[in-house]
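Take a look at the structure below.
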Amino acid sequence: MKHINTLYIVWNDGNTLGIPIIDEQHRGIISTINSLYYSIQTGHGHEVTGPTIAMLEQYINVHFKTEEALLLEAGYPAVEEHIALHKKLVDKTTELSIIAGDDTGPEMLLKFLRGWWLSHINKEDRKYAPFLK
Ligand SMILES: [Fe+2]
């Protein structure tokens, strides 16, 4: 049984890349996903899910622009592949946000976001970290 005071994603130091602006934005994204989870758990899914997803989409946009600018500036060799991953996530988030109003939509969206972000931060973003330091 889930408790409403439980965080959906617990941020830990292992998720930190050591690049302050990126780490800060990653925490912001995780925090927004946790807020979305909280709203759904407390029965405010209907009124809050739409605006939260819209906010998350904006935040993700800002974050990807920040990351891509830093990668281009640093001459990261795999920058095109990394940008392609970002583009896929934006498309998938938009796709899932459309079905978020369905009964199983919010759970599906949350699961996807948690899986994608934790694996992206800890695998894909970790690859570029040495280039930005
Ligand atoms: Fe990234």
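Here the structure is a predicted model, which is why all the values come from computation and not from measurement. Atoms within each ligand, like the ligands themselves, are counted from 1 in listed order.
- Using a cutoff of 4.0 Å between basic side-chain nitrogens and carboxylate oxygens, D91 and K87 are scored as salt-bridged.
- Using a 4.0 Å cut-off between charged side-chain N and carboxylate O, K65 and E68 make no salt bridge.
- Note: H82 and H120 meet the aromatic proximity criterion, with ring centroids under 6.0 Å apart.
- Counting only protein N, O or S atoms closer than 2.8 Å to the Fe ion (ligand 1) gives 5.
- Evaluation of the salt bridge (charged side-chain N to carboxylate O under 4.0 Å, His left out) rule for E81 yields no partner, not counting sequence neighbours.
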Step-by-step side-chain contact (heavy atoms from CB on, under 4.5 Å) determination, H63 to H26: CA-CA 8 Å; H63 170 61; H26 281 161; 3.1 Å; yes

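- When atom types are taken as modelled, the side chain of N122 and the backbone of L118 share a donor-acceptor pair closer than 3.5 angstrom.
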